[in-house]
Amino acid sequence: GAGVSQTPSNKVTEKGKYVELRCDPISGHTALYWYRQSLGQGPEFLIYFQGTGAADDSGLPNDRFFAVRPEGSVSTLKIQRTERGDSAVYLCASSRFGLDTQYFGPGTRLTVL
Amino acid sequence: GENVEQHPSTLSVQEGDSAVIKCTYSDSASNYFPWYKQELGKRPQLIIDIRSNVGEKKDQRIAVTLNKTAKHFSLHITETQPEDSAVYFCAASNSGGSNYKLTFGKGTLLTVNP
């Protein structure tokens, strides 16, 4: 079946602007994770959804970052007042409830000028 | 929180040789340890994983070992091929309930020279 998809694949924005990044998980996967990967680093956890609720948002760096998953499927990561330090690849992963194996999307490369 | 250290950061081998990448973790409650392969500009792809109830797992040319006492785990690739060249990440997770958030190492750039 189709894997995890993310849009856009690339996003260039100016400092101070608002951006939205979208993740479509694998059908039937109730768990959804967002990670951020800086150049030369491993992915870092941002937020975890089980169904519609954010069960763990301990990885969000500050209150400029917010994520939603209103219908328990597609999720949107929202970043307000972007800063140059927000530039990174934002990865989404999904898994079946109660299972640990996570499948990653291709990521969105965010560049803040 | 969990901390995962990964070594080496780069590894260059000749085609046909073996490659070993090692990781240590800090949280003794971690119980799930996946390995991901990431080619340049691509998504991380799961290549093998191990859970804390076993000490070793093998899948064709790839094997992973886990030492819970020492809190370290290793990836072994035998008979390396040029297409094995990529960045490899280890990760650890503690399944507190259903949350399997992963803590990753910094990655190992493996180059297999033909």
Transitively linked via ILVMFWY side-chain contacts under 4.5 Å: A/Leu77 with A/Val4? no
Are more than 12 heavy atoms from other residues, nucleotides or ligands located less than 6.0 Å from atom NZ of B/Lys22?
no
ask   = More than 12 foreign heavy atoms under 6.0 Å from CD of A/Glu14: is that the case here?
value = no
Q | Check: B/Glu2 and A/Phe45 side chains under 4.5 Å, non-hydrogen atoms | A | no
Worksheet item: Does B/Gln81 CD have over 12 foreign heavy atoms under 6.0 Å away?
Response: yes
> Going hydrophobic residue to hydrophobic residue with side-chain gaps under 4.5 angstrom, can you get from A/Leu21 over to A/Leu32?
Replying inline: yes
field: CA sep, side-chain torsions, deciding dist, call: A/Gln102, B/Tyr36, side chain to side chain contact (heavy atoms under 4.5 Å, CB included)
entry: CA-CA 10 Å; A/Gln102 294 180 32; B/Tyr36 286 86; 3.7 Å; yes
Ring-ring centroid check B/Tyr100 A/Tyr33, cutoff 6.0 Å | no
- Item | Neighbour count >12 (heavy atoms, 6.0 Å) for atom OH, A/Tyr103 | no
* **Connected via hydrophobic side-chain network under 4.5 Å: B/Leu40 and A/Phe104** => no
- Task: Compare all side-chain heavy atoms of A/Ser58 with those of B/Lys101 and state whether any distance is below 4.5 angstrom.
- Result: yes
Item to check | Residue pair A/Gln37 / B/Phe89, side-chain heavy-atom distance below 4.5 Å | outcome: yes
Turns out that what part of A/Gln50 lies under 4.5 Å from chain B's heavy atoms comes down to side chain
So, the part of B/Leu102 with a heavy atom under 4.5 Å from chain A: the answer is both
Whatever's closer than 4.5 Å to a heavy atom in chain A on B/Pro44 counts as both
Is atom CD of A/Glu44 surrounded by more than 12 heavy atoms (other residues, nucleotides or ligands) closer than 6.0 Å?
no
Nearest heavy-atom approach of B/Arg43 to A/Gly105 is CB-O, 3.0 Å
Distance col, row A/Thr101:OG1 vs B/Leu46:CG, nearest 0.5 angstrom, shows 6.0 Å
Counting heavy-atom pairs under 4.5 Å with chain A, the top scorer among B/Gln45, B/Gln6, B/Lys42, B/Arg51 is B/Arg51
